[in-house]
2 protein chains.
Amino acid sequence: MNIYDIAKLAGVSTATVSRVVNGSSKVSEHTRQKVLKVMEENHYTPNVFARGLGLDSMQIIGIICPDVSDNYMARAVSFLVRRLKEYGYDCILYCSGSGQKQKEEAVELIMRKRIDALVLVGSSYAGSGTEEDNTEYVRNAAEKVPVFLINGKIKGDNIYSVYNKDEEAAFQAVSALIESGRKRILFLTDAGTCSAMQKMAGYERALKEHGLPILGELKLHMDNRIHLVRDILLARKKPEYDSVFATEDGLAVGAVKCANAKGLEIPSDLSVIGYNNSEYSVCCEPELTTVDNKVERLCEITADNIMKVLKGESVLGEIPVDCVLVRRCTTDF
Amino acid sequence: MNIYDIAKLAGVSTATVSRVVNGSSKVSEHTRQKVLKVMEENHYTPNVFARGLGLDSMQIIGIICPDVSDNYMARAVSFLVRRLKEYGYDCILYCSGSGQKQKEEAVELIMRKRIDALVLVGSSYAGSGTEEDNTEYVRNAAEKVPVFLINGKIKGDNIYSVYNKDEEAAFQAVSALIESGRKRILFLTDAGTCSAMQKMAGYERALKEHGLPILGELKLHMDNRIHLVRDILLARKKPEYDSVFATEDGLAVGAVKCANAKGLEIPSDLSVIGYNNSEYSVCCEPELTTVDNKVERLCEITADNIMKVLKGESVLGEIPVDCVLVRRCTTDF
């Protein structure tokens, strides 16, 4: 009989059992009594010796991201692993892919491990922000362990979301393009994730507020591979565009490469803004103006919140983080 | 005192002791308490025997790399995690940093976990290839679990090395530069690792075999950060060089950026060859000629070998893998 069994029998999360054991005031009296009753009935004593042997906690955090070879996710996982290690926790890493079934399966599999908390890296796990049932598997996991989203937002008990203000960041970036004289702004994206939707919403709001039309032909969806993006854009005669706002730096680099191949002057003939402030943005020539979405800051908050939640301390369920536009050579404002 | 003593003293089987250690719910509370009491009285640490005897494997592989935000390591870890998952194994990931003490500590800590095998990603763990005692900690780990090196070579029981023929790849690349008319080839590196030493050896052999002098002023060591490399090279009047061979793509991109800033023509005024065939090499302008060191292939061999070794099958202790020079726009051969 361990903390997992107690949590299951009492119909609460292990975090709640932990709070009861630690005498946290965050647990309702009703829940407290329910947990204590189950513990008593099962002669469960969370004694020092048992905890010392690590029988209740293996001190392991589960991390799932779609693909750790992605630059953004690699930075996030690197930061998380090092930070959690400082706290004495190890990390089991899964790479799930981004399909709905793959994500559900990864969460289901990692929940069979004795993890203390689950971190989902990337907004892919928050669905598209519209279809409620897409994220049910995350809520199910949260019934067992606290779940932390990095750049995703899901409402629910035991779910803690840290995310960028992507709508606002996109609005600011696209507004800056418009105010520097651009009228036909190509929106490039590789995903239908919650974060990508937010960026598109910011793009559309900027157009609207500046009296420009929202045109379907100016929204393109393609894989985030530099040469692929370049070749697709090179092959198209239409639409014509005077600037690009991309939801990933790699897409923006593809657009820069297309312009270079066509002999266009950047930024006068074509302005480009990327997203992530990755190494690609300084590798590219000319160097990319891009939205810095502060991935390390999101991870820092998440790691610290994990420790607080595991100690039974109170933590905000939703923490938005501002982005910053980093101006380099692909824009003239 | 071993698992057999504990089992005997508690009057149970070794399998039962193992189940207690694993927190299995199949053991009655009475038995669990009895076993824990014996363990406590005898100051027993469960990890040691559970791992040593390979009882009740947790199906976990330990992976250590210096920093998973590094592009090469991110690709390696991504591939390993997905491949090992297919085999039913989970991965605990540590990011050790590259200092000797950091590496030793990371290996020591991960060896306390119940891992079935240890993978060390990056040639940093193989030392510089000269100082024998640098790698003693790896041999110590191999006394407990099989250890797999990705692009590193250490001789020893229970150690399996898969590595690139870096000396040969560097020799071929530098020979190609010389045969296309270059005489002063700058060697740029960021590391004193085994792999970096091999690349330097290949560089020197190519110079020698073509009758060119090996000059200390043409070997530079600096951090692998694009802007830093560019700025260091821009600030130097000497040495003069007509080409660059870099041990990492990021260093090569820095050299390209320096040439672009100086208004030099690439490849006629300056030829550049990088290493890794990372996304940086196609992000850069002009795109980088680079050595493809087949990281996915190394990881595939490693994952497959782990499974073979765990099944008791025989595996080669050393497997060298050929690199391929990918010609792009920074060379004219």
Side-chain angles (χ1 to χ4, degrees), chain A residues 1-5 42-44 47 49-50 52-56 58 60 62-63 65 67-71 73-82 85 90-97 106 109-110 113-114 225-227 230 249-250 253-254 256-257 260 279-287, chain B residues 20-25 29 32-33 36-37 39-40 44-47 58 60 62-63 65 67-71 73-79 81-82 85 90-97 106 109-110 113-114 225-227 230 249-250 253-254 256-257 260 279-287:
Chain A
M1 183 66 53
N2 59 35
I3 192 167
Y4 296 89
D5 303 319
N42 291 279
H43 313 291
Y44 176 76
N47 60 63
F49 178 51
L53 276 177
L55 292 179
D56 279 353
M58 301 281 283
I60 286 178
I63 299 180
C65 68
D67 180 2
V68 79
S69 73
D70 172 89
N71 187 282
M73 290 165 203
R75 284 158 70 196
V77 169
S78 172
F79 191 95
L80 282 172
V81 164
R82 281 178 288 137
K85 183 103 228 82
D90 296 326
C91 295
I92 288 183
L93 175 67
Y94 278 23
C95 297
S96 68
L109 285 174
I110 210 163
K113 311 297 159 186
R114 299 193 33 218
R225 281 158 44 211
I226 292 169
H227 278 176
R230 179 199 62 189
D249 282 339
V253 173
V256 167
K257 295 218 155 244
N260 288 344
E279 279 284 284
Y280 298 141
S281 60
V282 293
C283 191
C284 175
E285 196 78 43
E287 297 186 1
Chain B
V20 170
V21 168
N22 292 330
S24 164
S25 57
E29 187 56 25
R32 196 177 84 90
Q33 289 301 339
L36 287 175
K37 188 157 173 281
M39 287 168 60
E40 190 183 24
Y44 210 80
T45 319
N47 283 351
M58 301 278 285
I60 287 179
I63 300 179
C65 68
D67 180 1
V68 79
S69 72
D70 172 270
N71 187 282
M73 291 163 202
R75 285 159 68 195
V77 170
S78 172
F79 191 94
V81 164
R82 281 178 288 137
K85 182 103 227 84
D90 296 325
C91 296
I92 288 182
L93 175 68
Y94 278 22
C95 296
S96 68
L109 284 175
I110 210 162
K113 311 299 158 185
R114 300 194 36 228
R225 283 157 42 211
I226 292 169
H227 278 177
R230 178 199 62 189
D249 282 338
V253 173
V256 167
K257 294 215 156 246
N260 287 344
E279 278 285 284
Y280 298 142
S281 61
V282 292
C283 190
C284 174
E285 195 79 44
E287 297 186 2

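Atom set for the values below is all heavy atoms of this structure, side chains included, hydrogens, waters and symmetry mates excluded. A note on names: the letters A, B, ... follow the listed sequences, proteins ahead of strands, and every chain is numbered from 1.
- Within the 4.5 angstrom heavy-atom criterion, only side-chain atoms of N71(B), from C-beta onward, approach chain A.
- For V282(B), the parts lying under 4.5 angstrom from a heavy atom of chain A are both the backbone and the side chain.
- Salt-bridge formation is not detected for the pair R230(A)/E285(B): no Lys NZ or Arg NE/NH1/NH2 atom is positioned less than 4.0 Å from an Asp or Glu carboxylate oxygen.
- With a 4.5 Å cut-off on non-hydrogen atoms, I63(B) does not touch chain A at all.
- For V77(B), the parts lying under 4.5 angstrom from a heavy atom of chain A are both the backbone and the side chain.
- Of the listed residues (G254(B), G250(B), C283(B)), the greatest number of heavy-atom pairs within a distance under 4.5 Å of chain A belongs to C283(B).
- For a residue to count as touching a neighbouring chain, one of its non-hydrogen atoms must lie under 4.5 Å from one of that chain's; by this rule N260(A) touches chain B with the side chain only.
- Between chain B and the residues S69(A), A76(A), G97(A), the largest count of heavy-atom pairs under 4.5 Å involves S69(A).
- Taking CD of E287(B) as the reference point, atom CD1 of I226(A) lies at 8.0 Å (rounded to 0.5 Å).
- The structure places SG of C91(A) at 7.5 Å from CG of L93(B), a figure rounded to the nearest 0.5 Å.
- Only the side chain of I60(A) has a heavy atom closer than 4.5 Å to any heavy atom of chain B.
- Taking K85(A) as the reference, D90(A), Y94(B) meet the side-chain hydrogen bond (donor to acceptor under 3.5 Å, both in side chains) condition, with sequence neighbours excluded.
- In this structure, CG in D67(A) is found 5.0 Å from CZ in R82(B), a value given to the nearest 0.5 Å.
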